Amino acid sequence: MPKVTAGLVTGPQWAVVIDTLALPDEALAMRAFIEEELAVLPASAVHIDTHYHADHSWGELLFSQVRL
């Protein structure tokens with residue numbers, strides 16, 4: 001099974017998620033890390049999809065507060 005990578009660029013009060021992955025547990029783990037470890041609120045996290053394939057974008061529902 002191919003692996004999909006995602007990226008995260010952070011600042012003091014914000015985070016940019018690059019690709020949200022496909023599975024809910026993967027996206028939720030990423031969101032939990034952003035909220036709990038980085039103390040960035042979901043409304044301060046922006047997500048960018050590099051392309052429309054499901055393995056890069058299905059998790060965006062869990063990051064739907066802010067879109068770019």
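No experiment lies behind these values; they were computed from the predicted model shown.
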Asks: Measure the shortest side-chain to side-chain distance between L8 and I34 over non-hydrogen atoms and say whether it is less than 4.5 angstrom.
Replies: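 Yes, their side chains come closer than 4.5 Å.
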Asks: Going from OG1 on T5 to CD1 on I18, what distance comes out if it is rounded to the nearest 0.5 angstrom?
Replies: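 Going from OG1 on T5 over to CD1 on I18, the span is 9.5 Å.
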Asks: What heavy-atom pair brings V9 and W14 nearest, and what distance separates the two atoms?
Replies: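 That would be O-CZ3, 3.6 Å.
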Asks: Of the non-hydrogen atoms in A6 and D19, which two are nearest, and what is the gap between them?
Replies: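 The answer is CB-O, 3.2 Å.
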Asks: What heavy-atom pair brings V17 and M30 nearest, and what distance separates the two atoms?
Replies: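 Of all heavy-atom pairs spanning V17 and M30, the closest is CG1-SD, 3.2 Å.
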Asks: Let me confirm one number: the CZ-OG1 distance from F33 to T10, rounded to the nearest 0.5 Å.
Replies: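 Going from the CZ atom of F33 to the OG1 atom of T10 covers 8.0 Å.
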